[in-house]
Asks: 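Below is one structure. I have some questions about it.
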2 protein chains.
Amino acid sequence: MPATIRDVARESGVHISTVSRTFSAPHLVNAETRSRVLACAEMLGYRPNRAARALITGRTYNIGLIVADIANPFFPPLIKAAESQARQRDHHIFIADTNEDATVEEELVRALAKQVDGVLLCSPRMSNSLIEQLSREVPLVVVNRQIPGLPAVVMDVAQGARLAVEHLTGLGHTEIALVAGPRGSWTSREIRRSAVAAARAAGTELTVIGPNPPTEDGGMAVAEQVIRTGVTAVLAYNDLMAIGLIEGLQSRDVRVPRDVSVVGIDDITLSRLIRPKLTTVATPAAAAGRAAVDMLLAHGDDRRTTAQVNLQTELVIRDSTGQGPGPHSPADPGNVIAPALDGVASYAKE
Amino acid sequence: MPATIRDVARESGVHISTVSRTFSAPHLVNAETRSRVLACAEMLGYRPNRAARALITGRTYNIGLIVADIANPFFPPLIKAAESQARQRDHHIFIADTNEDATVEEELVRALAKQVDGVLLCSPRMSNSLIEQLSREVPLVVVNRQIPGLPAVVMDVAQGARLAVEHLTGLGHTEIALVAGPRGSWTSREIRRSAVAAARAAGTELTVIGPNPPTEDGGMAVAEQVIRTGVTAVLAYNDLMAIGLIEGLQSRDVRVPRDVSVVGIDDITLSRLIRPKLTTVATPAAAAGRAAVDMLLAHGDDRRTTAQVNLQTELVIRDSTGQGPGPHSPADPGNVIAPALDGVASYAKE
DNA sequence: AGTTTCGCTGCAAAGGTTTGCACCGTCGAT
DNA sequence: ATCGACGGTGCAAACCTTTGCAGCGAAACT
């Protein structure tokens with residue numbers, strides 16, 4: 001039986017509206033009254049009931065953040081950045097995990113809907129139409145997906161995939177595999193589209209393997225298949241899969257990068273810790289988290305907007321990629337420096 | 001302007017209470033009426049407002065879960081298990097991250113308090129007295145901490161630390177360092193207490209280094225100090241620190257396990273992926289997550305309880321530990337099989 | 001025929017808060 | 001002396017839902 005506003009009003013001999021104002025509009029109440037009310041509130045351990053407040057104001061000062069899989073190290077930096085950004089704007093973040101399941105995702109958005117001011121949908125697996133429908137129930141910002149009319153922050157993973165393929169072809173690889181991500185992933189489609197185009201431009205063969213679960217196990221599971229295709233280089237949907245794949249290859253006595261080169265995407269911490277250190281496409285997860293919160297808070301109620309933030313990616317070359325059988329392209333500087341991170345930089349500065 | 005219960009009532013020509021019952025007690029309303037109401041609700045896109053419902057019933061069907069750091073791979077399995085357990089009981093989990101900051105922790109509990117039916121406090125950094133005070137505002141279940149009168153699930157990390165030290169002394173190590181965790185961590189104190197006792201029992205020297213931030217960087221930062229103490233074996237507060245420490249040692253040309261043995265605690269996925277594979281104490285994180293949810297949901301409103309769940313730990317011997325300078329204990333079987341996981345097993349079965 | 005039972009529905013209070021409006025007294029200006 | 005402005009406070013409606021109670025008609029009893 002926690003103390004309510006009424007208890008405080010009774011105790012301090014004022015009307016409940018005065019107590020209310022003491023907390024939500026202190027300048028409207030006499031300094032003396034205010035301190036008396038505060039004293040009583042403190043004594044009774046009173047805390048305003050946020051749910052009741054939200055009922056009236058329509059503002060909860062909460063933000064929902066839905067991710068496909070917390071265990072994927074790609075997400076924590078994004079989450080942390082979103083949290084600290086939200087905290088600066090006096091909001092709290094509630095995280096929920098969908099287990100890569102579109103049904104759970106929908107359910108979570110609905111559950112969250114009335115308890116938050118908006119939802120950040122990270123790497124959603126739902127259909128566009130369903131997302132559009134949900135956006136009518138609660139303000140949405142979509143991360144890593146483009147949906148007409150919805151605010152979005154996307155990472156330019158197409159550019160990253162292109163850089164990765166060019167890096168591989170530059171090293172003389174002529175047969176490359178793409179290990180795709182999960183069905184329903186916009187990112188996976190983007191990567192595929194871009195990788196195919198880049199491969200064609202370089203005149204090399206690219207075989208697509210997938211869809212696959214975007215986990216270490218998912219990568220490990222395709223090792224056999226990768227070997228059978230006879231490719232000498234692989235681009236994986238994410239670092240986790242790349243790492244799993246390397247494990248799988250090594251356990252079958254295929255050496256990386258000597259026999260097969262592997263490049264991942266995300267640049268998770270782990271990619272610097274495993275051996276060989278992973279060549280990968282760095283995605284600006286923290287910047288994305290900050291940007292998403294900003295977008296949500298920016299246009300309060302005008303739901304439909306065409307605003308989009310596009311974040312650059314960069315290729316980080318480490319030790320999991322090496323010479324291929326073909327001619328070594330003289331155009332490849334051997335130690336590519338990626339383009340400057342415009343989008344990132346502007347956010348990183350804050 | 002989402003549809004409310006009133007809109008549905010008007011549209012279907014019944015009283016709002018009938019609409020309410022259609023959703024919360026369907027058997028009380030005529031089948032025909034019910035289907036008409038449902039049809040209207042569907043048409044208008046009506047969803048019951050959970051916040052308003054909670055105001056009356058006092059039940060939100062939400063559970064708060066507060067962790068020190070989502071980026072620590074120790075937590076995701078715990079979180080995932082808690083989520084799936086909660087989902088089975090028709091509840092949702094809201095996660096929040098404190099960044100290892102006791103102040104943020106308190107704030108988050110308060111923010112969550114009125115929007116959830118209870119909070120799972122994982123590895124809290126607050127003082128006991130503050131936690132007790134908060135437990136009067138919202139039902140709490142504490143994980144990895146023992147506080148008189150509060151329901152708790154703890155991992156028997158003392159046992160794990162003892163096994164680890166015995167393992168090291170058995171290998172002939174006579175000078176061991178303990179790299180402690182963060183200030184305010186109950187787990188860190190337990191480990192220390194137990195490790196000191198075990199070392200004393202084996203007649204070996206144990207020097208404590210810390211407190212330290214429980215991260216990879218934290219481990220890396222003490223490498224120099226570890227080398228200076230001249231020990232040949234180290235027990236780290238968690239795997240992340242152990243891994244950071246190994247990196248730090250290797251970069252200073254100290255080989256693991258040849259020059260220094262390292263054992264971690266937690267058995268995160270990563271510990272199998274790095275080289276050398278990490279010897280570590282496995283903690284039943286998933287079981288803890290399930291147990292915590294169960295405890296919270298079990299005793300609905302009788303806040304104060306002495307119920308505690310104690311989960312066993314086990315030592316997993318891999319490649320980061322090796323012979324020390326002293327005599328190799330014949331008592332050490334060389335490949336310790338840990339005790340059966342009673343506590344875990346009973347939960348794992350479900 | 002009268003009474004009880006039963007299934008269904010409406011009524012209204014309750015839950016904790018915010019907020020536009022009205023009111024009161026005082027002070028400064030005219 | 002009168003008026004307006006203003007700081008401070010109280011009043012009551014509103015937000016959306018649940019739920020105990022009462023009422024209604026009809027069926028099933030005695």
Asks: Kindly state which residues belonging to residues 27-38 of chain A come within less than 4.0 angstrom of DNA chain C, counting heavy atoms of the residue only, listed by number.
Replies: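 When residues 27-38 of chain A is checked for heavy atoms under 4.0 Å from DNA chain C, there are no hits whatsoever.
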Asks: Quick one: closest heavy-atom pair of B:V37 and B:S12, and the distance?
Replies: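 Answer, listing the atom of B:V37 first, then B:S12: CG2-OG, 4.0 Å.
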Asks: Looking at every non-hydrogen atom in both residues, tell me the closest pair between B:L44 and B:E11 and how far apart they are.
Replies: CD1-CB, 4.1 Å
Asks: Taking ring-ring contact (aromatic ring centres under 6.0 Å, His included) as the cut-off, I'd like each qualifying pair that reaches into residues 87-133 of chain B, sequence neighbours left out, listed once.
Replies: A:F94-B:F94, B:Y61-B:H91
Asks: What's the closest nucleotide to the side chain of A:S20 if the choices are C:dT19, D:dT17, C:dG16?
Replies: C:dT19
Asks: List for me each residue that meets side-chain contact (heavy atoms from CB on, under 4.5 Å) alongside B:L28, sequence neighbours excluded, and say none if there are none.
Replies: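 So B:L28 forms a side-chain contact (heavy atoms from CB on, under 4.5 Å) with B:R21, B:A25.
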Asks: Between D:dT18, D:dC16, D:dG20, spot the one nearest the side chain of B:S24, thanks.
Replies: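 Comparing D:dT18, D:dC16, D:dG20 against the side chain of B:S24, the answer is D:dT18.
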Asks: N/O contacts under 3.5 Å, protein versus nucleotides 12-15 of chain D?
Replies:
none

Asks: Under 4.0 Å, counting only non-hydrogen atoms across every strand here, what does A:F23 touch: a base, just sugar-phosphate, or nothing?
Replies: nothing
Asks: What pairs of residues pass the salt bridge (charged side-chain N to carboxylate O under 4.0 Å, His left out) test when at least one of them lies in residues 61-78 of chain A, not counting sequence neighbours?
Replies: A:D69-B:K80
Asks: Mind checking salt bridge (Lys or Arg N to Asp or Glu O under 4.0 Å) for B:R89 and listing every partner two or more places apart, or none if nothing turns up?
Replies: B:D294
Asks: At how many degrees, to 10°, do the end axes of the helix from C:dA1-D:dT30 to C:dT30-D:dA1 meet when each uses five pairs?
Replies: 50°
Asks: Listed by chain and number, what are the salt bridge (Lys or Arg N to Asp or Glu O under 4.0 Å) partners of B:R47, not counting sequence neighbours?
Replies: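 Counting only residues at least two positions away or on another chain, B:R47 forms a salt bridge (Lys or Arg N to Asp or Glu O under 4.0 Å) with A:E137.
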Asks: Just call it for A:R59: base, sugar-phosphate, or nothing, with non-hydrogen atoms closer than 4.0 Å on any strand.
Replies: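 Since no nucleic acid heavy atom lies under 4.0 Å of A:R59, the category is nothing.
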Asks: Tell me every residue that passes side-chain contact (heavy atoms from CB on, under 4.5 Å) with A:A52, counting only those two or more places apart in sequence or in another chain.
Replies: A:N49, B:L55
Asks: Whole Å only: how far is the CG atom of A:N49 from the P atom of D:dC16?
Replies: 16 Å
Asks: Side-chain N or O of B:T18 less than 4.0 angstrom from OP1 or OP2 on C:dC8?
Replies: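 No, no such contact exists.
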Asks: Considering residues at least two apart in sequence or located in another chain, which fulfil the salt bridge (Lys or Arg N to Asp or Glu O under 4.0 Å) criterion with B:R87?
Replies: A:E107
Asks: What is the distance from CZ of B:R50 to C1' of D:dT18, rounded to the nearest Å?
Replies: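 Roughly 15 Å, once rounded to whole Å.
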Asks: For A:T57, which residues count as a side-chain contact (heavy atoms from CB on, under 4.5 Å) partner, sequence neighbours excluded?
Replies: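 In terms of side-chain contact (heavy atoms from CB on, under 4.5 Å), with neighbours along the sequence ignored, A:T57 is linked to A:R53, A:R59.
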Asks: Just the rounded figure in Å: distance from C1' of C:dT17 to NZ of B:K114.
Replies: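 To the nearest whole Å, that distance equals 12 Å.
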Asks: Counting any heavy atom closer than 4.0 Å, what does B:V14 reach on the DNA or RNA strands: base, sugar-phosphate only, or nothing?
Replies: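 Answer is sugar-phosphate: B:V14 comes under 4.0 Å of backbone atoms only.
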Asks: List in chain and number order the residues that pass salt bridge (Lys or Arg N to Asp or Glu O under 4.0 Å) with B:R34, two or more places apart in sequence or in another chain; answer none if no residue qualifies.
Replies: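 Once residues adjacent in sequence are excluded, B:R34 has no partner under the salt bridge (Lys or Arg N to Asp or Glu O under 4.0 Å) criterion.
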Asks: Does a distance-only test, which skips hydrogens and angles, find a donor-acceptor pair under 3.5 Å between the side chain of A:R21 and the base of D:dG10?
Replies: yes
